[in-house]
Amino acid sequence: MRGFRRGLHRRSLYHRSLHLPPSPDAAHAQLLALHESGDANAAARFLREKTAAGSIFPGFLSSVVIDRACKSGDLRGALLILATMLHSGTPPPNQHAFASLIDALSKSTRLADAARALELMRDAGIHPDVVTFTVMIRGFCKNRMMERAWEIFQEMIKSNRCQPDCFLYGVLIDGYCKELRMDRALELLREMRVERRIQPDVVIYNSIVDGLCRSNRFLEAWKFLDETMVLQGCSPTVVTYTSLIRGACKAKKMKLAVRIWNAMLERKIQPTIVSYSVIIDGLSKAGRVYDAYRVVREMETLGCELNVVIYTTLIDGLCKSGFLDDAYALYRIMKRSGAFPNQRTYATLIDTFCRNDRTETALGLFDHIRDYCPLDVAMYTAVVSGLCRERRLDDARALFREMRLAGVSADTHAYNVLLHGAFRSERPEEAFRILEELGDDPGCVANLLTYNTVIAGCCLESGMVLFYEMRQRGIAPDFATYSALIDRLLGSGEIGRAFDLCEEMLASGLSPPSGVLGRVVARLCWSRRGDLAAKVIEMAMAVDDTASFSLPWDDEDGAAQDEDSQGEELGSIKDGATQEEPVP
DNA sequence: TTAGGGTTAG
């Protein structure tokens, strides 16, 4: 309070000085006037020039100018003021100015500069407070640099000058959740609760629920809500429900997703446009476009305006269900409605045209929208994929080059599409060149799909080399990897090696499609190795038994464990509630 | 006076 009063006093002094005749404070008054006129650039320039010419401004005033410059996006100006001040021996900017600068730098992904500003701050003898550390750590978290985030956190703890609070834990926990490192996230949650006695709030719990759902640990997310969050006296919000609904949709549990939706309405929690997007997307992807459309109608009845996400979600649903003309009609309605299509809308349409043998239409749309919408990697990749589908590998390669020349970075998915195209055009030598390019691209790293694409396309021996390489790189093969190799081995008559791989696959707990297993068993029987065939069947049964565990909520109403696609009523907001209460 | 959570595409 005292600090606040002092601030007020200073501000009023400067205000008064504006009306005084020229005085030694004239430069200050002029700076303040510039600052208050809202012209951050001019204020920054003035401060810089005057300081360089020997004027000395109070630290408070220059800090305010730096803060305003940061907020108006004039990062260059803010940095120049900082440099001028630090070199001219005038009082350094205060903690707020540094915090503001570090925040602006990390939001512009200039993380190295932000870290340097933190160092400069310490050099100037100002101790960063918990907020300054939080904005710095948040920058690393948002850019998926959790190791750096953790280092700064440790530095803060070691300096022993400020203590972490609920917000800072929230930033770190969310960072780990976004990286799906749930063990780290849960460990930090325990640390804050047990060791530091900080009560987590609903935002932190929501991060955890969402992280568990994204990690395909829906059951645990559910248990977490029920057994930890609610027990700690924290009620779920619309965000919690939205994450759970998305998790249920992802786990292909649409019936449960709808039940959670209805329970949310019953609790008088109003869905937001985000929750509507999630349920509409879930229904569309489950092939229930009509139900999705009913939800949209309900939104409209309630006066809720459809945004670009809702339109794009519906267009995607229509495309994936084969209603291409309806999707295009909706796209035209969307444009008239004022919700302008974005890169995702276009990527969806382009991809759909390509998949339906209308590559020329897709190319036409692609060329047409160049003038309206910056092209991104997904839009290019959709066209590249269409060209590859038509075995126009050279055209695809040319477009890929054009993309990079236009300054759009490729990602692993883009390379994977191109690799698939090379094999489709029966040009394995080209595929290996593309694989090399991927390896040289600093922004990309080969993933499971990359290896599966190449292994499925190349010869057996190269495939085995890649199989060992991927495991060395910590990429676990999935059933597609094994199936491709096992089929190659069977084709070359190497039944023993095929059995070994099959055994390894089953031992790793992978639930394989029955096709490849059937082929292995048949070949083993023909080769009079019934003992090995029996072993394969026995191991496959063991894998299947563990895979088919039942879920508690399916038992409650005696519902089948397999996902239904119909039969669950979507509650409306007015009367929508189910009788049962399985949802927390 | 600076800081944390849920949405759509290739």
Side-chain angles (χ1 to χ4, degrees), chain A residues 3-4 7 63-64 66-67 70-71 94-104 106-107 128-139 141-142 165-175 177-178 200-211 213-214 236-247 249 271-282 284-285 306-317 319-320 339 341-352 354-355 362 375-386 403 410-414 416-417:
Chain A
F4 178 64
S63 297
V64 167
I66 288 182
D67 182 56
C70 288
K71 289 194 178 54
N94 63 22
Q95 201 178 54
H96 292 162
F98 272 109
S100 193
L101 187 61
I102 291 169
D103 186 39
S106 64
K107 276 181 180 150
D129 66 342
V130 67
V131 176
T132 315
F133 276 113
T134 305
V135 294
M136 183 70 252
I137 289 171
R138 181 182 165 276
C141 289
K142 289 273 177 221
D165 59 7
C166 188
F167 250 91
L168 178 49
Y169 270 107
V171 169
L172 272 171
I173 288 175
D174 188 59
C177 287
K178 291 276 182 333
D201 62 9
V202 68
V203 175
I204 294 192
Y205 284 127
N206 285 346
S207 283
I208 301 266
V209 167
D210 190 61
C213 287
R214 284 179 198 272
T237 64
V238 64
V239 177
T240 329
Y241 280 110
T242 304
S243 287
L244 275 175
I245 292 166
R246 192 170 182 271
C249 293
T272 61
I273 190 103
V274 178
S275 9
Y276 275 118
S277 311
V278 167
I279 194 77
I280 290 168
D281 186 49
S284 296
K285 286 205 166 65
L306 309 185
N307 66 8
V308 57
V309 178
I310 301 275
Y311 274 114
T312 305
T313 305
L314 261 185
I315 288 172
D316 184 54
C319 287
K320 298 237 163 43
N342 64 14
Q343 291 165 322
R344 292 186 180 218
T345 325
Y346 288 124
T348 303
L349 285 170
I350 291 168
D351 185 57
T352 304
C354 289
R355 281 178 199 274
L375 305 178
D376 73 355
V377 62
M379 292 161 75
Y380 274 107
T381 308
V383 182
V384 166
S385 172
M403 171 181 85
D411 60 13
T412 306
H413 181 76
N416 289 348
V417 165

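Every chain is numbered from 1, with letters handed out A, B, ... down the list of sequences. In what follows, every heavy atom counts, from backbone to side chain, and hydrogens, waters and symmetry copies are set aside. None of the values given here were measured: they were computed from a predicted structure.
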Mind checking [X] for me? I need base, sugar-phosphate or nothing, with any heavy atom below 4.0 Å counting as a touch.
{"X": "T348(A)", "answer": "sugar-phosphate"}
{"X": "V384(A)", "answer": "nothing"}
{"X": "I273(A)", "answer": "base"}
{"X": "I280(A)", "answer": "nothing"}
{"X": "D165(A)", "answer": "base"}
{"X": "S275(A)", "answer": "base"}

Of the nucleotides [options], which one has an atom closest to the side chain of [X]?
{"X": "V309(A)", "options": "dG4(B), dT8(B), dG6(B)", "result": "dT8(B)"}
{"X": "A378(A)", "options": "dA9(B), dG4(B), dT7(B)", "result": "dA9(B)"}
{"X": "R355(A)", "options": "dA3(B), dA9(B), dG10(B)", "result": "dG10(B)"}
{"X": "I204(A)", "options": "dG6(B), dT2(B), dG4(B)", "result": "dG4(B)"}
{"X": "R344(A)", "options": "dT2(B), dT7(B), dA9(B)", "result": "dA9(B)"}

N or O in side chain of K285(A) less than 4.0 angstrom from dA9(B) OP1/OP2: yes
Below 4.0 Å: OP1/OP2 of dG10(B) and any side-chain N or O of K320(A): yes
Under the side chain to side chain donor-acceptor pair (under 3.5 Å) test, residues paired with R355(A) that sit two or more places apart: D351(A)
Residues that Y346(A) engages under side chain to side chain donor-acceptor pair (under 3.5 Å), provided they are two or more places apart: none
Side chain to side chain donor-acceptor pair (under 3.5 Å) evaluation trace for T132(A) with D129(A): CA-CA 5 Å; T132(A) 315; D129(A) 66 342; 2.4 Å; yes
Results of side chain to side chain contact (heavy atoms under 4.5 Å, CB included) for V238(A) - residues two or more places apart only: T242(A), M264(A), I269(A), T272(A), S275(A)
Qualifying salt bridge (Lys or Arg N to Asp or Glu O under 4.0 Å) pairs with a residue from residues 236-247 of chain A, counting only residues at least two apart or across chains: none
When the distance from [atom1] of [X] to [atom2] of [N] is rounded to whole Å, what number comes out?
{"X": "N342(A)", "N": "dT7(B)", "atom1": "CG", "atom2": "P", "answer": "15 Å"}
{"X": "Q343(A)", "N": "dA9(B)", "atom1": "CD", "atom2": "P", "answer": "14 Å"}
{"X": "K107(A)", "N": "dG4(B)", "atom1": "NZ", "atom2": "C1'", "answer": "11 Å"}
{"X": "I102(A)", "N": "dT2(B)", "atom1": "CD1", "atom2": "C1'", "answer": "10 Å"}
{"X": "K178(A)", "N": "dG6(B)", "atom1": "NZ", "atom2": "P", "answer": "4 Å"}
{"X": "D201(A)", "N": "dG6(B)", "atom1": "CG", "atom2": "P", "answer": "14 Å"}
{"X": "I173(A)", "N": "dG4(B)", "atom1": "CD1", "atom2": "P", "answer": "15 Å"}
{"X": "F98(A)", "N": "dT2(B)", "atom1": "CZ", "atom2": "P", "answer": "18 Å"}

Nearest-0.5 Å distance that lies between atom CG in D103(A) and atom OG1 in T134(A): 10.0 Å
Rounded distance (nearest 0.5 Å) linking atom CE of M379(A) with atom CG of N342(A): 9.0 Å
ring-ring contact (aromatic ring centres under 6.0 Å, His included) involving Y380(A) - partner list, sequence neighbours excluded: F366(A)
Near-strand residues of residues 130-138 of chain A, defined as heavy-atom separation under 4.0 angstrom from DNA chain B: V131(A), T134(A), V135(A), R138(A)
Ignoring hydrogens and angles, does a donor from either the side chain of [X] or the base of [N] sit under 3.5 Å from an acceptor on the other?
{"X": "T272(A)", "N": "dG6(B)", "result": "yes"}
{"X": "D376(A)", "N": "dG10(B)", "result": "no"}
{"X": "S243(A)", "N": "dG6(B)", "result": "no"}

I273(A) side chain reached by V309(A) side chain, heavy atoms, under 4.5 Å: no
Whether F167(A) stacks on the six-membered ring of dG4(B) base, 5.5 Å and 30° limits: no
